[in-house]
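Reviewing the structure listed below.
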Amino acid sequence: MKLKHLVHCNRTYTLFEQSLWLADFFSIFLLPQFNMASYHFNSIEKNWQKFWAEHQTFKADNNSELPKYYVLDMFPYPSGAGLHVGHPLGYIASDIVSRYKRHKGYNVLHPMGYDSFGLPAEQYAIQTGQHPAITTEENIKRYRQQLDNIGFSFDWSREVRTTDAQYYHWTQWIFIQLFNAWYNKVSDKAEPISELIKKFETTGNANVNAVCDETKTFTANDWNAFTEKEQQGILLNYRLAYLSDTMVNWCPELGTVLANDEVKDGVSERGGYPVERKLMSQWSLRIAAYAERLLQGLDTLDWTESIKEAQRNWIGKSEGTSLRFALAQTDASIEVFTTRPDTIFGVSFLTLAPEHELVVQITTDACKAAVENYVTISKNRSERDRMADVKTISGEFTGAYAIHPFTKALIPIWIGDYVLAGYGTGAVMAVPAHDSRDYAFAKHFNLPIPQVVEGGDINVESYDAKEGLLINSDFLNGLEVKAAIKKAIEKIETVGLGKGKTNYRLRNAIFGRQRYWGEPIPVYYKEGVPYVVEEKDLPIALPEVDKFLPTETGEPPLARAQNWNYNGHAFETTTMPGWAGSSWYYLRYMDPNNANEMVGNAAVNYWQNIDLYVGGSEHAVGHLLYARFWCKFLKDISTVPFEEPFKKLVNQGMIQGTICTTYIYSYQNGLNEIFKCAISSELHAQLKSGNSEVANNLMAAQIGSSIADCQYVNEVNVPFEFFAAAAFEDFEGLKKWLNNTGNSVTHLIVGTDSKFQVKMETGKMSKRWHNVVNPDDICTQYGADTLRMYEMFLGPLQDAKPWSTQGIEGVHRFLKKAWRLFHNNTNEDFVLSDEAVNKAELKTLHKTIKKATEDIENFSFNTSVSAFMVCVNELQDLKCNKREILEPFLILLSPYAPHICEELWHLCGHSESIEKATWPVFNPGFLVENEFNYPISFNGKVRFNLNFALDMEPAEVEKAVLADEQTIKYLEGKTPKKIIVVKGRIVNVVI
RNA sequence: GCGGAUGUGGCGUAAUUGGUAGCCGUGCCAGACUUAGGAUCUGGUGCCGAAAGGCGUGGGGGUUCGAGUCCCUUCAUCCGCACCA
């Protein structure tokens, strides 16, 4: 018996939705095939977004019996440019996982918030005088609207913003804990500084094994006799947050110092401004204390190998030994660090960094002038110059000699800026035969190159490999490198010249920024000594200032604040870096409104660490390393119960845009200038089609902005004569000429007759390239469900892919097809059948359940989209509109396309959100086949197919295949050498 | 230089993990219904070839009955790091 249900949609609509309906209503006249039951994604989506918000459908409960699942997206900075289609890619993936896990019975924490301190808002404030808080608020509003448009299942009741005083209260609190802690190497964890003070008071520092800056040994009596100021000065050498004079990356253009990871290729990551080395008094965090734990922890994480490698590389562990070289002329000695103590007999000179403290002391009078000159030059070189210039070998002889610890030979001491002051001891024992840098130095200055390991050709290049037998090396002769290293360390240790040592490249992180728009550091100064404020006085609110610029005396903007002090004592005027607030935000989401603690015990014990973290790989060594560091510290002080914040990390690939560039020339001020200029693909199309009026308008806007934005303009002055000669045709010649001027020009398109030739390439989507695609536009045109599915359909989540709207129609068509499954032929009425299902329908459904489930577990979202398409195609062929099939299908599809599924789910007669429905259970029984169409191959080449029962034994299959006349044809009278039958797979006949 | 990743139709991609290469979608070709199509539906579409057949997963080699998948080698592109002793 056929039973058809007509279910009518019954609800009230807001004015806004009515107006959307109205628009659809008119479209009926314009497009006659439209009718009331068509897929009106705009009104459907708005309606359910409102429903979810009103019903708090995605609110996570801190008191739940259910297992927890914590899905987090990387903290976004709400930029003024808003979201482009690349941003939501990861959010869509994590949203799908969140919705899936809810269907699977998990209590899911899926929050969102804003990392809202940052440079752009402050730069804007400097330019316009508008308070960054206002800019930030506006940007957040826009972001929120855009996010809401896409239908994410965030629990917005837990939103946090780093700029909220209630939030940075706890960022400041963590700083205070860091200030009040030191790292005990014995227990291998951070401990309260009060414990350390007790040790100093009772036994001095001789028995303290701490991670600290070098400090003199003192007894308890010494300590107790020190003044308060002296004591505090010493404690700063131990605190995990400390003030010290350090070499910093100073960026004059930004007016602030930068952390190492904020500097790329010698220029600032943001803005690309030059960075120089400068000695400044700065707050830093002793992250290096955690180097080994940060390294070891990586092995426990489910992250991509490339990110783990990047962190390992950044931490840069190397094992070796320290070794002291006595000086020939004075009592002093030089300590070096080497990973190749086996090559000790191959040392032919020592090299010190120009900044090395002994340089002045040891340089002989004869060499003084040259050395001083060299030191001055290398000091004044910017980081960028130094990096750009690695090939040039430079150095000076100091005139001094060290004594070889074993041969007692005199070894000349040089200085050279290939030796870094900041790594190891700032001094190396040069073994030119087995280190390419020492080799280049020795060749350049004609120094001896004694070989001590067999292998390679020392006349041509150094032999750096760690294999071979030791020669010319006294007690090491005949040993393999590895054994020799071990023996050399033993010997060095027994004679007391040094000891085995591990070095890390990881530097302590500079924590202060000379900026306004950041968290105030909760520190005040009493007689020049820094103290942290009392916890009860937190938060230290960001004060108002008249201007967001440094003071006339060069102090940070906070120094402008009036009457801003702590009981009459001056506050610290630097603010925290951008990564402070984002290093612990994932904890605040667990308990966002807790006024007494950064996170409550019950909350953090329930939610634990993040099960899935989704974000871009650009945070490989910055955010991800700092957050891990803080997590370990918070574990040490028992605030959190885990060592690692992010168990699984997935990096979404960048969605790229098309970049159209052209070179234009302009004749200004008597000079011809060439500009590299990005144009939108729209302008490109207009130029191509010769629509000069539209093109001219666009061009004025785009080229105008490119030229104004000189940062991105490759500006070259070209003499007019060149143009006259080249007549705009000799592009190669012009390119060559430009390259000779030192400008790297990879492509050059200057057209004649005001026609432009344009180079198309894929690259970052950005305002500067005029290629940003706004997700709002896609939502308006196709709907959020289409956007969500299309972004997933584009390819594997991790891959970078260019945005193109080519395939979006197909995805949209799929949703319309799915919609039609629930409607009758004329698409007028919702029709769902309660008829019994058949085998074919069950097979289609369960195939899809299997695939959809596996794919989400494997983060393979693109393949499940195509599985849904296959499913709908098959159900359409089967003319299936049965409840027993379509309802489970809706649940499968709902994480991807939540709005349409919710709409159809309610049309099916449900009153509760589809979100509450249980994930369908896969039954393999429905996929069982009893026959298989075997491909029959000959020597691996498939020729035809034969149908056999699946329970047929291989021997029988073989017999049947050989009996087949097609087989006889392909055998050409020969006897098969061998026949392979793989049950349910393939038959291969070997002739 | 070191490290990581990726190479498959015109395009985005897929392939039960060693078993029929090209699923799904675009694009293209043809057709149906249409006053119309930027709606919908049907068929075709890796390349060469009239067909039989041959060739095909960046290139070259190997293992195997069988290789996109495993091994060696090489090339190309992208992304990190880069004088770290």
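So you know, we letter chains A, B, ... as the sequences are listed, proteins then strands, and number each from 1.
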Please state the [atom1] separation for the pair [N] and [M] - nearest whole angstrom.
N	M	atom1	result
G9(B)	G54(B)	P	22 Å
C24(B)	U42(B)	P	13 Å
A67(B)	C2(B)	P	33 Å
G10(B)	C28(B)	C1'	9 Å
G4(B)	U74(B)	P	16 Å
C41(B)	C33(B)	C1'	8 Å
C75(B)	G59(B)	C1'	7 Å
G19(B)	G68(B)	P	10 Å

May I ask you to say what [X] touches in the nucleic acid, namely base, sugar-phosphate or nothing, with a heavy-atom cut-off under 4.0 Å?
X	result
N939(A)	nothing
F349(A)	nothing
V990(A)	sugar-phosphate
I980(A)	base

Check this one for me: any side-chain N or O of [X] less than 4.0 Å away from OP1 or OP2 of [N]?
X	N	answer
K941(A)	G66(B)	no
S318(A)	A85(B)	yes
R813(A)	U26(B)	yes
K801(A)	G12(B)	no
Y790(A)	C24(B)	no
R820(A)	C41(B)	yes
N313(A)	G4(B)	no
N933(A)	U20(B)	no

Given [options], identify the nucleotide with an atom nearest to the side chain of [X].
X	options	result
P796(A)	G54(B), U20(B), A14(B)	A14(B)
K978(A)	U20(B), C65(B), C83(B)	C65(B)
A310(A)	U20(B), C24(B), G80(B)	G80(B)
M869(A)	U20(B), C24(B), A15(B)	C24(B)
W314(A)	A82(B), C24(B), A14(B)	A82(B)
T863(A)	U20(B), A15(B), U40(B)	A15(B)
K816(A)	U40(B), G4(B), U42(B)	U40(B)

Q: Could you check N873(A) against Y970(A) and say which one's nearest nucleotide on RNA chain B is further toward the 5' end?
A: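 The answer here is N873(A).
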Q) Which residue lies toward the 5' end of RNA chain B, G940(A) or L794(A), if each is placed at its nearest nucleotide? A)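 Mapping each residue to its closest nucleotide by heavy atoms, the 5'-most match is L794(A).
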For atom [atom1] of [X] and atom [atom2] of [N], their distance in whole Å:
X	N	atom1	atom2	answer
H434(A)	C83(B)	NE2	C1'	19 Å
F793(A)	C24(B)	CZ	C1'	5 Å
D799(A)	C78(B)	CG	P	16 Å
K817(A)	U42(B)	NZ	P	7 Å
M792(A)	C24(B)	CE	C1'	16 Å
I315(A)	G80(B)	CD1	C1'	15 Å
D855(A)	A14(B)	CG	P	11 Å
R985(A)	U16(B)	CZ	C1'	6 Å

Given 3.5 Å as the limit, does a donor-acceptor pair link the side chain of [X] with the main chain of [Y], or not?
X	Y	result
N881(A)	L821(A)	no
R788(A)	I92(A)	no
K308(A)	L298(A)	yes

Q: Check V359(A) against P354(A) and note the closest heavy-atom contact, atom names and distance.
A: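 Nearest pair, atom of V359(A) first, then P354(A): CG2-O, 3.9 Å.
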Reported [atom1]-to-[atom2] distance for the pair [X] and [Y], which is rounded to 0.5 angstrom:
X	Y	atom1	atom2	result
I415(A)	E355(A)	CD1	CD	9.5 Å
M952(A)	K959(A)	CE	NZ	9.0 Å
T502(A)	K317(A)	OG1	NZ	5.5 Å

Q) Where does G9(B) land, syn or anti, given syn is within 90° of 0? A)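 That one's syn.
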Q: Answer syn or anti for U17(B), where the cut-off is 90° from 0 on the glycosidic torsion.
A: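 This nucleotide is in syn.
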Q. Would you say the side chain of N988(A) and the base of C65(B) hold a donor-acceptor pair, judged only by whether the two atoms sit under 3.5 Å apart?
A.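 Donor-acceptor pair under 3.5 Å: yes.
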Q. For the side-chain contact (heavy atoms from CB on, under 4.5 Å) test, which of T321(A), V453(A), D464(A) pairs with R340(A)?
A.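 When T321(A), V453(A), D464(A) are each tested with R340(A), the side-chain contact (heavy atoms from CB on, under 4.5 Å) holds only for V453(A).
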Q. So does E357(A) have more than 12 non-hydrogen atoms from other groups sitting under 6.0 Å from CD?
A.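 No, CD of E357(A) has 12 or fewer neighbouring heavy atoms, counting only those of other groups under 6.0 Å.
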Tell me which nucleotide, if any, is Watson-Crick or G-U wobble paired with [N] when both distances must be under 3.5 Å.
N	result
G66(B)	none
A15(B)	none
G3(B)	C79(B)
U34(B)	none

